[in-house]
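Whatever order the structure lists them in is the order used to number ligands and atoms, beginning at 1.
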Amino acid sequence: MKAAITATAKYLPDSILSNHDLEKILDTSDEWIRTRTGIRERRILRDPEKATSFLCTEVARRIIEKRGIAADEIDLIIVATMTPDMIFPSTACLVQRNVQATNAWAFDLSGACSGFLYALNTGAQFIVAGTHKKVLVIGGEKMSAVMDYTDRNTCVLFGDGAAGVLLEPARDEQHGLLDAKLQADGEGSEHLYMLGGGSRCPASQETVENGMHFLRQDGRQVFKSAVTQMADTAEEIMRRNGLSSEDIGYLVPHQANYRIIQATAERMGIDMRKVAVNIDRYGNTSAATIPICIAELDEEGKLPPGSNLVLVSFGAGYTWGGIYLKWQ
Ligand code: COA
């Protein structure tokens, strides 16, 4: 048995933070951000009372409504996030309570920007095993909560948002998730991280004073690895599934930098018109970028049954991977 996506939804906060807004608080320019990253604006969840669980709950509600199911039909909720409301309980448990998915178990998955692909493949295993019929997989982030808005190297890149999918048994063996290649290399952990707030550097006056509760990265280093791994993975997914560029309906890449997306498409020999891109509007929403792209393609009616999608990601860890699925 295969697992297929049977419903999608996204939720983006209304408030926009544009490059021009950032020009007012940082030594940066709209021109620099656009040409180096492809980003024009990003969304920010400004209400301090609301966190990642709010974004993910909205997504869960929309999926339940779209699919026309009752919340208690859901067997499992997985939330991929690196910005959970708190370290514990999991954000997935908060979503489970908010939508009253009373028969579901729930957990968070920490895979940074590859979190959604990790979670999608994990969720699919429960369908394939035949033990679960409905698995909700959501990627959601309030990246603004871990941004240092005095650090132009990082804060221009990220935004808030969430999206997700419902996984159910596919109609046949030829549809749904057909291949996955997921990888990790902890050697990359020193290039992209948040040191404070975990068991190594619990919150203290010192961690606050040293800005250790913010995301830090060596952008150039991460860029090089992202280009190599995303392109290599996409190429391998195509090769081992016998896919030519004409066979692919859409490449859905993680939205970290438009230049990384272009390099991946180029290696696959895919025209940019067949590449999902929304980095200009949302920036990098980490685990949410790929499901937001899928939800938008779905909303726009761009996924007829039988469409081949190749999803590829790269993120902190390092984590990366690719998934090949046929829309049903
Ligand atoms: N505005 C203006 N100048 C900026 C800037 C900003 N927002 N951010 C950095 N700069 C400056 C740097 O300070 C540097 O100046 P210097 O040469 O005087 O030191 C200069 O621009 C060039 O920096 P560089 O790092 O070479 O730029 P880049 O072309 O590599 O682009 C990133 C920087 C961060 C956009 C790019 O490396 C990137 O996208 N990396 C991957 C990030 C990523 O994907 N992270 C998430 C994991 S998936």
Side-chain angles (χ1 to χ4, degrees), residues 17-42 80-83 110-119 139 141-161 182-194 214-234 251-265 276-280 282-293 311-322:
L17 179 67
S18 70
N19 292 350
H20 295 295
D21 295 329
L22 287 168
E23 280 177 346
K24 292 176 198 148
I25 57 167
L26 284 169
D27 179 16
T28 189
S29 67
D30 171 54
E31 207 260 336
W32 191 96
I33 302 171
R34 268 191 297 103
T35 53
R36 297 298 182 105
T37 71
I39 302 167
R40 288 173 188 275
E41 59 188 41
R42 65 288 295 138
T81 187
M82 59 192 248
T83 51
S110 170
C113 296
S114 300
F116 182 75
L117 293 200
Y118 273 32
E141 307 278 8
K142 186 180 178 183
M143 295 302 292
S144 59
V146 296
M147 281 302 115
D148 176 354
Y149 284 99
T150 66
D151 177 10
R152 68 179 187 176
N153 290 295
T154 52
C155 76
V156 304
L157 303 173
F158 295 91
D160 302 339
L182 300 170
Q183 291 184 261
D185 180 6
E187 297 293 343
S189 58
E190 65 200 60
H191 302 306
L192 181 48
Y193 55 84
M194 189 174 83
F214 296 126
L215 174 151
R216 301 290 177 202
Q217 82 166 335
D218 176 347
R220 225 172 283 189
Q221 195 67 40
V222 175
F223 185 92
K224 276 192 273 178
S225 301
V227 166
T228 308
Q229 304 299 8
M230 281 178 58
D232 283 358
T233 304
L251 164 67
V252 184
H254 172 51
Q255 312 278 305
N257 186 313
Y258 187 70
R259 292 181 290 148
I260 300 175
I261 296 172
Q262 260 180 328
T264 307
V277 178
N278 58 25
I279 188 170
D280 51 324
Y282 307 133
N284 182 348
T285 54
S286 186
T289 64
I290 289 177
I292 292 173
C293 284
L311 323 176
V312 277
S313 69
F314 184 87
Y318 292 141
T319 55
W320 69 96

Where is the tightest heavy-atom contact between [X] and [Y], given as atom of each residue plus distance?
{"X": "Asp280", "Y": "Val277", "answer": "OD1-O, 4.3 Å"}
{"X": "Phe116", "Y": "Ala287", "answer": "CB-O, 3.3 Å"}
{"X": "Ala288", "Y": "Gly139", "answer": "CB-O, 3.4 Å"}
{"X": "Thr319", "Y": "Gly111", "answer": "OG1-O, 3.1 Å"}
{"X": "Leu26", "Y": "Cys155", "answer": "CD1-SG, 3.3 Å"}

Kindly indicate whether [atom] is approached by any protein heavy atom to under 4.0 angstrom.
{"atom": "atom 18 (O) of ligand 1", "answer": "no"}
{"atom": "atom 14 (C) of ligand 1", "answer": "no"}
{"atom": "atom 7 (N) of ligand 1", "answer": "yes"}

Is there a polar contact between ligand 1 and [X], counting only N or O atoms under 3.5 Å apart?
{"X": "Arg36", "value": "yes"}
{"X": "Thr28", "value": "yes"}
{"X": "Gly219", "value": "yes"}
{"X": "Arg220", "value": "yes"}
{"X": "His254", "value": "no"}

Option with minimal heavy-atom separation from atom 9 (C) of ligand 1, where the choices are Asn284, Asn153, Thr154
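It is Asn153 whose heavy atom sits nearest to atom 9 (C) of ligand 1.
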
Pick from Tyr258, Tyr318, Trp32: the one approaching atom 10 (N) of ligand 1 most closely through a non-hydrogen atom
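Answer by nearest heavy atom: Trp32.
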
Yes or no on side chain to side chain contact (heavy atoms under 4.5 Å, CB included) for Met147 and Asp160, after CA distance, side-chain angles and deciding distance?
CA-CA 11 Å; Met147 281 302 115; Asp160 302 339; over 6 Å; no

[atom] - nearest protein heavy atom and its distance:
{"atom": "atom 42 (C) of ligand 1", "answer": "Gln217 NE2, 3.4 Å"}
{"atom": "atom 11 (C) of ligand 1", "answer": "Arg152 NH2, 3.6 Å"}
{"atom": "atom 44 (O) of ligand 1", "answer": "Ala256 CB, 3.1 Å"}
{"atom": "atom 48 (S) of ligand 1", "answer": "Phe314 O, 3.2 Å"}

Consider side chain to side chain donor-acceptor pair (under 3.5 Å). Of Gln255, His254, Glu141, which one does Thr289 pass it with?
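That would be His254; it is the only one of Gln255, His254, Glu141 passing the side chain to side chain donor-acceptor pair (under 3.5 Å) with Thr289.
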
Using side chain to side chain contact (heavy atoms under 4.5 Å, CB included) as the criterion, point out the one residue from Thr285, Ile39, Asn284 that pairs with Phe158.
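Among Thr285, Ile39, Asn284, the one meeting side chain to side chain contact (heavy atoms under 4.5 Å, CB included) with Phe158 is Asn284.
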
Side chain to side chain contact (heavy atoms under 4.5 Å, CB included) partners for Phe223, two or more places apart:
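Phe223: side chain to side chain contact (heavy atoms under 4.5 Å, CB included) contacts with Val227, Asn257, Arg259, Ile260.
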
Quick check for you: to the nearest 0.5 Å, what is the distance between [X] atom [atom1] and [Y] atom [atom2]?
{"X": "Leu215", "Y": "Asp148", "atom1": "CG", "atom2": "CG", "answer": "10.0 Å"}
{"X": "Thr154", "Y": "Arg216", "atom1": "OG1", "atom2": "CZ", "answer": "6.0 Å"}
{"X": "Ile261", "Y": "Thr37", "atom1": "CD1", "atom2": "OG1", "answer": "10.0 Å"}

Which of the numbered atoms in ligand 1 are under 4.0 angstrom from any heavy atom belonging to [X]?
{"X": "Val156", "result": "7 (N)"}
{"X": "Val222", "result": "43 (C), 45 (N), 47 (C)"}
{"X": "Asn257", "result": "35 (C), 36 (C), 38 (C), 39 (O)"}
{"X": "Thr37", "result": "35 (C)"}
{"X": "Arg259", "result": "28 (P), 29 (O), 31 (O)"}

Please work out, at 4.0 Å between heavy atoms, whether the side chain, the backbone, both, or neither of Leu192 comes within that distance of ligand 1.
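Side chain only.
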
